[in-house]
Amino acid sequence: MSDQKRLFLVDAYALIFRGYYAFIKNPRINSKGEDTSAIMGFMNSLLDVIKRERPDHLAVCFDKGGSVDRVEMYEEYKANRDETPEGIKTAIPYIHEILKAMHIPIMVKEGYEADDVIGTLSRQAEKEGYKVFMVTPDKDFAQLVTDNIFMYRPVFGGGYETWGIPEVQKKFEVTEPMQVIDFLGMMGDSSDNIPGLPGVGEKTAKKFLAQFGSMEGLLANTDQLKGKMKEKVEANGELGLLSKKLATIMLDVPVEFNAKNFELDHPDVEKVKQIFQDLEFRRLTDNFLKTFAADTTYDVAQTAEKKEAPKSPPKEQKSAGAGQFSLFGGEDVTTTETTSEYTRNTGKTTSHFYQSVASGMATKLFVKNLLNQTSVCFDTETTGLNPLTAELVGIAFSWETGKGFYVPFPEDREDAQLLIEELRPFFENENIEKIGQNLKYDIKVLAKYNVEVKGKLFDTMLAHYLINPDMRHNMDVLAETYLNYTPISITELIGKKGKNQLSMRDVPLDKQTEYAVEDADITLQLKEHFEKELGEANTQKLFNDIEVPLLRVLAAMELEGINLDKDFLNSLSEELNNDIANLEKKIYEAAGEEFNIASPKQLGVILFEKLKLVDKPKKTKTGQYSTAEDVLSYLAKDHDIIQNILDYRGLSKLKSTYVDALPLQVETSTGRVHTDYMQTVAATGRLSSNNPNLQNIPIRTERGRQVRKAFVPRNGDYTLLAADYSQIELRIIAALSEEETMIEAFKNGEDIHASTASRVFNVPISDVTREQRSNAKTVNFGIIYGVSAFGLSNQTTLSRSESKELIDTYYATYPKLRNYIQDQVDFARDNGYVQTVLGRRRYLKDINSRNAVVRGAAERNAVNAPIQGSAADIIKIAMINIHKKLNEGSYKTKMLLQVHDELVFDVYKPELEGLKNLIKTEMENAYQLSVPLDVDLDIGNNWLEAH
DNA sequence: TGCAATGCATA
DNA sequence: GTATGCATTGCAA
């Protein structure tokens with residue numbers, strides 16, 4: 001790096017706001033009741049910059065009186081801004097005073113914004129041969145970037161990123177930083193109230209820039225646009241040009257860059273100390289003294305550290321960190337292969353032979369041929385997405401790339417049944433492998449026609465889930481990614497969902513054939529591809545021994561459904577209605593007006609502006625008042641209205657999400673609720689449940705848990721049995737880490753949290769207090785989630801340092817646990833993935849990120865994924881084995897639900913005694929660990945009693 | 001009508 | 001601090 005002089009220009013308000021909101025959760029209030037968050041935040045940033053960069057020239061720039069020119073051009077400019085928070089207004093004089101004492105120049109010009117001052121100064125300094133760093137998080141500054149002018153952006157979680165020309169080009173997809181102005185002018189900026197072109201957002205603006213280069217270029221070439229967009233752009237040319245002007249940072253503010261004045265010299269230490277003392281800053285004083293410790297150090301450091309002047313960060317850093325704070329939605333993380341985008345194949349460019357099999361005679365010949373195959377891909381086309389009600393429209397088959405057949409089905413249900421009978425020998429043939437994408441769906445559809453799909457299965461969606469669990473697994477995406485092929489989209493055939501959407505039945509036969517057989521053909525090709533890619537022995541086993549067999553189990557559970565007591569829920573709904581109405585009345589009374597309590601926005605205004613319950617309301621990152629549970633709970637003891645609001649929220653949630661929603665989900669044809677288990681969404685290997693989600697039925701609160709009473713056995717001859725693993729994740733981590741102390745505790749059947757507390761707090765197990773056990777429990781769970789002292793102190797009453805101490809003691813008690821955690825992180829660093837006991841992998845691309853926040857998240861994943869995933873593996877094995885036993889024994893009892901560590905069964909009473917043992921044994925012995933697994937069984941006339 | 005943000009239910 | 005799904009609001013399209 002050259003000896004070029006470096007000037008740092010600090011955007012004061014931006015950093016003050018940022019600092020203020022950084023402490024918003026926990027504002028700094030001193031003994032005089034002053035909110036010092038903004039001062040603290042700003043000073044931390046400033047000292048941080050000085051410490052890191054040791055600039056030789058530095059100035060801090062402020063707005064004053066807003067931008068006269070811009071308001072003159074457009075009186076709405078920044079008119080939507082909220083009033084500056086009180087805590088910031090009061091901070092400004094202090095900050096000025098501190099800066100003066102530090103001998104740092106304050107640059108302001110009445111009638112100009114800091115942006116303009118910084119812009120002007122940076123250009124002047126550049127001319128004088130300086131390298132300029134604009135310290136601001138505000139993306140608007142990107143327009144000023146040149147070879148010598150950089151943005152120096154603070155990033156969440158600490159650290160900075162430098163934006164030079166390449167970074168700006170990448171972020172905004174422009175060739176010149178100046179085009180950022182056009183970009184902002186086109187898309188507008190709601191925070192500054194810059195209108196922009198109506199109908200143009202981020203995506204369109206980028207497109208226009210790529211095409212026309214500038215706002216003027218766009219306006220001169222509107223003939224190249226079409227439709228509504230053309231009209232809109234043409235009608236709003238003026239507005240566009242005005243927006244561009246508003247977004248342009250001025251470079252001619254009457255200020256002067258004076259090298260001498262801007263030199264960073266020694267602060268008036270005594271004076272600064274005095275101010276800090278008045279404000280009651282202790283840590284900051286230390287920090288300040290260290291930063292400027294002995295003038296000589298500063299001088300030495302200045303030359304020594306200059307070598308590390310900010311430079312364009314290397315590639316990894318950009319991709320690793322940028323998504324976090326990008327205002328443009330993380331587009332940089334999921335870069336897709338673009339190389340072949342324009343040469344992607346479709347059915348039109350690829351030769352194929354797809355044929356429909358319409359006549360009775362043709363069908364007979366076709367089936368004969370089909371039965372001669374050893375491996376066939378098939379895909380059902382139906383009238384809808386719900387397999388319980390969907391009718392077959394046709395079935396496509398393919399066993400050779402580029403070739404396939406389509407068997408259309410008659411609308412008449414009896415005729416359809418006759419046709420499926422012809423195909424039954426194929427589906428029920430044990431020796432023909434069946435290939436498909438999301439076979440669970442097809443299996444369920446066919447089950448409704450009484451056809452069982454037998455033989456080996458290959459599901460391309462499941463295969464890809466194991467190969468790349470973080471990606472999505474739609475067939476369209478897979479085809480594009482792995483085969484460079486774009487299949488006909490379903491919307492092309494039946495239109496967008498909503499009003500005019502057709503049924504597959506309404507599509508002409510030739511189109512149906514093209515579409516359906518293409519899907520089968522593509523799926524077959526994907527299978528060939530994935531078969532090789534499944535590669536590793538572990539993954540193969542996982543696929544063939546776990547996921548594929550499980551697919552049949554899940555299909556059976558979903559088809560079975562669970563009985564729901566609608567009457568009970570209806571009466572519960574009425575009760576809730578009453579209570580909610582009462583609360584509503586009380587809240588409106590206290591507020592003095594009626595408003596929408598469910599709207600956080602309106603609620604915030606009532607609580608914090610009208611009632612002024614707090615001096616310094618906490619705000620969310622979008623600038624709204626935060627009305628989150630923890631914030632309100634904190635206030636609840638002082639204000640009845642808050643407690644009522646919390647109760648109101650709880651009851652409304654309960655009513656709308658469960659009590660009222662569940663009865664609507666009862667399937668009329670079966671009278672039961674059929675959830676859909678997603679086998680390929682959770683990156684750790686867990687299942688997820690939806691339509692409805694039966695994995696999040698309330699249990700913690702008395703009121704909520706009533707909902708469980710509505711889940712009942714199918715009739716009086718049955719009873720519900722819930723079997724759940726006790727502490728399975730802790731047992732797994734104990735076993736994997738070989739931490740003897742913990743293993744012994746489990747072997748002795750101890751209460752693990754009490755046992756942990758007894759060791760950590762060094763008291764006999766009988767003397768462990770509730771609080772000690774509770775804290776131990778929190779750490780135990782924290783370990784599974786990849787603890788940090790910060791997270792722990794948020795969860796407990798402990799301070800950050802107490803939390804740290806607790807964690808240290810914990811690790812001292814269970815040293816091997818600590819080693820295990822470190823080993824997982826190291827393994828992930830070396831290999832890029834971690835894995836479960838069965839070899840299920842989770843890839844962690846961010847594990848070596850240079851951004852500490854991003855990396856930290858990956859490290860926690862590295863710890864958690866093997867634990868959560870292994871538990872998922874184990875219960876999956878148990879499910880497969882139990883399902884098999886129930887089938888083989890022709891039991892009337894059915895497995896109905898899985899809730900991560902729990903299985904729920906509808907048990908035929910005469911089978912109960914025998915099955916209790918069977919289920920417990922199968923679950924506890926699903927996988928052998930060095931720690932025994934323990935399963936609790938409960939029986940009842942509803943899901944609440946069975947707990 | 002679709003989407004992001006917010007908030008909250010579970011393991 | 002991990003992993004999910006869903007109801008609601010309010011804005012953009």
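First the proteins, then the strands, lettered A, B, ... as listed; each starts at 1.
One can place CD1 of I597(A) at 17 Å from C1' of dT6(B), the figure rounded to the nearest angstrom. Between M186(A) atom CE and dA12(C) atom P the separation is 19 Å, expressed in whole Å. Counting to the nearest Å, the C1' atom of dT8(C) and the CG atom of D660(A) are 14 Å from each other. Distance, K777(A) NZ to dG1(C) P: 19 Å, rounded to whole Å. One interatomic measurement links the two molecules: CZ of F781(A) to P of dT2(C), which rounds to 15 Å at whole-angstrom precision. Whole-Å rounding puts the M678(A) CE to dA11(B) C1' distance at 18 Å. Look at CG on L651(A): it is 18 Å from P on dG7(B), rounded to the nearest Å.
When heavy atoms are screened at a 4.0 angstrom cut-off, N696(A) is found touching base atoms of the nucleic acid.
Ring planes of W943(A) and H947(A): tilted class, angle from 30 to 60°.
Side-chain nitrogen and oxygen atoms of R842(A) include at least one within less than 4.0 Å of the OP1 or OP2 phosphate oxygen of dA3(C). For dA9(B), the OP1/OP2 oxygens have no side-chain nitrogen or oxygen of R700(A) closer than 4.0 Å. An OP1 or OP2 oxygen of dA11(B) is reached within less than 4.0 angstrom by no side-chain nitrogen or oxygen of R686(A).
A donor atom on one side chain and an acceptor atom on the other are found under 3.5 Å apart for E667(A) and N386(A). For T756(A) and Y810(A), the side-chain atoms include no donor-acceptor pair closer than 3.5 Å. Side-chain contact annotation: E859(A) with Q824(A), donor-acceptor N/O pair under 3.5 Å absent. With hydrogens and angles left out, the side-chain atoms of D936(A) and S726(A) include no donor and acceptor closer than 3.5 Å.
Near DNA chain C, meaning a heavy atom under 4.0 Å away, there are no residues from residues 720-730 of chain A.
The environment of CD in E805(A) is sparse: at most 12 heavy-atom neighbours from other residues, nucleotides or ligands sit within 6.0 Å.
Under a 4.0 Å N-O distance rule, the pair K845(A)/D470(A) does not qualify as a salt bridge.
Residue whose closest nucleotide on DNA chain C sits further toward the 5' end, between S656(A) and N861(A): N861(A).
Of the candidate nucleotides dA9(B), dA3(C), dA7(C), dA3(C) has the atom lying nearest to any side-chain atom of Q868(A).
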